[in-house]
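What you see below is based on every heavy atom in this structure, not just the backbone, and it leaves out hydrogens, waters and symmetry mates.
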Amino acid sequence: MKLKHKLKRMKSGIEDRSDQHRTVIPDQETDFSSIGFYPFYLDGEVSYRRKREYPVSESLVTRMKTVHRRWQELHHHAHPLRFHDQPESLLFFDTETTGLASGAGTKIFLIGYARLVDHTLEVTQHLLTGPEHEQAFLAGFLDDFSASDTIVSYNGKSFDWPQVKSRHAFLRDRLPLLPEAGHIDLLHAARRFWKDRLPSCRLSIIEEHILQQKRTNDTPGSLAPLLYFDYLEKGDPLQLAGVVDHHDHDVRVLAELYVLLAEKVLFPKRAADAKELSVSARWWDHLKHPEQAAPFWHKVPAIHLPAEELLPKVKHLQRMKQYEEASALIRSFPSPSAVHYEELAKIEERRLKNTKAAYEAVQKGLQLNPEPVITAKLLKRRQRIERSGASY
């Protein structure tokens, strides 16, 4: 029977019933308790939920509080990693689905999230025990979620949350409203920092190479759909034990990854190298907060980055009206390119009013036989300098 027809039957059954709690078959309840899930009753419906608490190191709690204080100090500065409320409002969120496509056939069967509560991470997971229970499954999650929460996910903006919204829209007449909460997606930040140095930015790769944590006896997330279909066919919840534990681990990793990424954009001393310093600096510059970028750029040693990656620092210095420093930085490059000479000529002519230095920069750039676009820019600038009456 198609899912649509099953849900229709479920709806008619609900309408005919009183508001009494649904009964749960004792054997079924016992089976799900074998993987830590117990029935959760809500408005006469039942969902299956697992709650676990994990101790958190004093170091992680202190770091989270430090990050929170710094975001409060920067209350006028927007940033994709910023949250506004207390750390307890962060919802480290992930789902497991029956596939990676975003079509109507893809269903969420596991929703999980971790919250920081005092010195513990409280992990809550909701399990869809069968397609006919989707209403109760989603209602159980919505009962624990509000607009004051801030979702922290890994690719959640593109995949997980749209899936939640899609399934909610399908059952919206029988569910509470879906709150409009803030959302921080760590995948985008991870790519900024590490896409050039890691084989991929999958969460497991980040965990191993950046957080220095390697999982053992883990069930790969890629097997989750197959194991869930096995469970639906055989009715044995133990089929899902590895998937549930993998998912539980994922949401806890997000808490550690968030703190690390936030520290890297807030505190220059947390950068691992010049590359990470420049990533944070360029991010702040892109958000039009050059004053926040300045301490990061200040710590970037020119000898540790190629000239191409130092050009954003040149532009930053110009935003800060430090034109002499911008000119000196370009001149310090061991082998400036035609693009660098074109930028140097622009600074000398427009900002420092030194047409002689600008003309010399143009000539040096042209001697490098640059590509046509840069050549055209250099020639145009030379013509303008010559028309101004400067002769060299």
Test side-chain contact (heavy atoms from CB on, under 4.5 Å) on L116 and V56 and set out the steps.
-> CA-CA 9 Å; L116 188 64; V56 176; 4.1 Å; yes

Any chance you could lay out the side-chain contact (heavy atoms from CB on, under 4.5 Å) test for D236 and D31, step after step, and finish with the verdict?
-> CA-CA 7 Å; D236 181 7; D31 286 343; over 6 Å; no

Evaluate salt bridge (Lys or Arg N to Asp or Glu O under 4.0 Å) for K107 paired with E134, printing each intermediate quantity in order.
-> CA-CA 9 Å; K107 290 181 64 65; E134 188 173 23; 2.8 Å; yes

Walk me through it: do R387 and R384 pass the test side-chain contact (heavy atoms from CB on, under 4.5 Å)?
-> CA-CA 5 Å; R387 283 198 303 271; R384 186 168 55 250; 4.1 Å; yes

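A cation-pi contact, defined as under 6.0 Å to the ring centre and within 45° of the axis, is absent between R50 and Y38. Figure legend: cation-pi geometry between R270 and F267 absent, as NZ or CZ is not positioned both under 6.0 Å from the six-membered ring centre and within 45° of its axis.
With 3.5 Å as the limit, one finds no donor-acceptor pair spanning the side chains of S59 and S57. Looking at S327 and R331, their side chains do bring a donor and an acceptor atom within 3.5 Å of each other. Judged by distance alone, the side chains of E207 and Q212 never bring a donor and an acceptor atom under 3.5 Å apart. For Y113 and D149, the side-chain atoms include no donor-acceptor pair closer than 3.5 Å.
Between H79 and W71, the ring-plane angle classifies as tilted under the 30° and 60° cut-offs. The aromatic rings of W161 and F141 lie perpendicular to each other, with more than 60° between the two planes, well past the 30° mark.
H340 and F333 have their aromatic ring centers within a separation under 6.0 angstrom. Taking the six-membered ring wherever Trp is involved, the centroid distance between the rings of W284 and H316 does not fall below 6.0 Å. Separation of the H68 and F83 ring centroids falls under the 6.0 Å cut-off. Annotation: F109 is in aromatic contact with Y228 [ring centroid separation under 6.0 Å].
A salt bridge is absent between D285 and K315; no separation between the charged side-chain nitrogens and carboxylate oxygens falls under 4.0 Å. Salt bridge status for E309 with K275: present, with a side-chain N to carboxylate O gap under 4.0 Å.
Sorted by first and then second residue, the ring pair (Phe, Tyr, Trp, His ring centres under 6.0 Å) pairs with a member in residues 189-213 form an empty list; sequence neighbours excluded.
Of the residues listed (V152, D160, L254), the one engaging F93 in a side chain to side chain contact (heavy atoms under 4.5 Å, CB included) is D160, and it is the only one.
Counting heavy atoms from C-beta outward, S153 and H183 have side chains that approach closer than 4.5 Å. Side-chain contact between I108 and F137 is present, with at least one heavy-atom pair separated by less than 4.5 Å. By the 4.5 Å heavy-atom criterion applied to side chains, Y231 and T129 are counted as neighbours.
For Q363, the side chain to side chain contact (heavy atoms under 4.5 Å, CB included) partners are Y359, L366, R382, not counting sequence neighbours.
Other residues, nucleotides and ligands contribute over 12 non-hydrogen atoms within 6.0 Å of the NZ atom of K51. Atom NZ of K346 is surrounded by more than 12 heavy atoms from other residues, nucleotides or ligands within 6.0 Å. Under a cut-off of 6.0 angstrom, the local environment of CZ in R319 is crowded, with over 12 non-hydrogen atoms contributed by other residues, nucleotides or ligands.
Hydrophobic clustering (ILVMFWY, side-chain heavy atoms < 4.5 Å, transitive): L91 and Y154 are in distinct clusters.
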